Colleague: 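Encoded as structure tokens, here's the structure I'll be asking about.
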Amino acid sequence: MSFPVSDGPNPVFREILAQLSKAAENIPKTQAKMQALTGVAWSDDRLVKVVVGSRGQLVDLEIDPRVFRNPDAGELSAKIVHTATAAARDVSAQAKEIMEEGMPSDMAELRQQYAPDREDILPNLFRTDAELYAEREEEK
């Protein structure tokens with residue numbers, strides 16, 4: 001996909017259109033990079049390790065057997081959820097970085113100049129399910 005680059009009067013817009021055209025051409029490569037991402041996090045005590053895939057879904061969970069010396073199901077559950085949330089944030093941050101690499105550098109500046117009231121969708125796009133769930137629980 002490419003966007004027509006006109007010889008119109010504004011060179012800034014011509015440059016942005018050229019950058020968007022290049023970004024559109026790189027979509028398959030960007031998509032492959034994003035699908036290959038994983039997020040990893042360890043609990044504070046290093047007894048739980050969580051790995052999530054590119055969409056934040058759990059793909060691996062390691063629990064050190066030492067956690068069972070003082071069994072506490074509630075504490076273990078909280079530790080797993082907290083660590084999984086950290087891993088999801090990790091993969092989201094990586095994905096956001098890849099997305100931002102593909103966008104024209106002047107995009108944010110232009111949005112502020114021409115549409116200052118418009119909310120930036122990228123921060124909301126990369127919020128984790130755990131964050132959204134916590135917000136819904138708080139609203140109850």
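Since we're looking at a predicted model, the values are computed, not measured. Starting from 1, each residue takes its place in the sequence as its number. Hydrogens, waters and symmetry mates are skipped; everything else that's a heavy atom, side chains included, is used.
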Colleague: CD/Gln35 to CD1/Ile98 distance, rounded to the nearest 0.5 angstrom?
Modeller: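 The CD atom of Gln35 sits 11.0 Å away from the CD1 atom of Ile98.
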Colleague: How close do Trp42 and Thr83 get, counting heavy atoms only, and between which atoms?
Modeller: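 Looking at all heavy atoms of both residues, the shortest contact is C-CG2, 3.7 Å.
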Colleague: Determine yes or no for a side-chain-to-main-chain donor-acceptor pair under 3.5 angstrom, with Ser92 supplying the side chain and Ala88 the backbone.
Modeller: yes
Colleague: Of all the heavy-atom pairs spanning Gln94 and Leu37, show the shortest one and how long it is.
Modeller: OE1-CD2, 3.2 Å
Colleague: Step by step, work out the side-chain contact (heavy atoms from CB on, under 4.5 Å) result for Leu76 and Val48.
Modeller: CA-CA 9 Å; Leu76 179 58; Val48 174; 4.1 Å; yes
Colleague: Listed by chain and number, what are the side chain to side chain contact (heavy atoms under 4.5 Å, CB included) partners of Val52, not counting sequence neighbours?
Modeller: Val50, Ala87, Val91
Colleague: Can a salt bridge be assigned to the pair Glu139 and Arg136 using a cut-off of 4.0 Å between side-chain N and carboxylate O?
Modeller: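 Not counted as a salt bridge, because no side-chain N and carboxylate O are separated by less than 4.0 Å.
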Colleague: Is any side-chain heavy atom of Leu58 closer than 4.5 Å to a side-chain heavy atom of Val51?
Modeller: no
Colleague: Nearest 0.5 Å, what's the NZ-CG distance between Lys79 and Asp44?
Modeller: 8.5 Å
Colleague: Please report the closest heavy-atom contact between Met34 and Ser54, naming both atoms and the distance.
Modeller: O-CB, 3.0 Å
Colleague: Can you get from Val81 to Leu61 by hopping between Ile, Leu, Val, Met, Phe, Trp and Tyr side chains that sit under 4.5 Å apart?
Modeller: no
Colleague: Set out, in order, the CA-CA distance, both residues' side-chain angles and the distance that settles side-chain contact (heavy atoms from CB on, under 4.5 Å) for Arg46 and Asp64, then state yes or no.
Modeller: CA-CA 8 Å; Arg46 311 285 291 172; Asp64 188 303; over 6 Å; no
Colleague: Sequence neighbours excluded, which residues qualify as side chain to side chain contact (heavy atoms under 4.5 Å, CB included) partners of Asp72?
Modeller: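 Side chain to side chain contact (heavy atoms under 4.5 Å, CB included) check on Asp72 returns Glu75.
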Colleague: Before giving the answer on side-chain contact (heavy atoms from CB on, under 4.5 Å), spell out for Lys29 and Ile27 the whole-Å C-alpha distance, their side-chain angles and the decisive distance to 0.1 Å.
Modeller: CA-CA 5 Å; Lys29 189 186 303 180; Ile27 286 174; over 6 Å; no
Colleague: Please check if the number of heavy atoms outside Asp45 that lie under 6.0 Å from its CG is greater than 12.
Modeller: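 Yes, the 6.0 Å shell around CG holds more than 12 heavy atoms from other groups.
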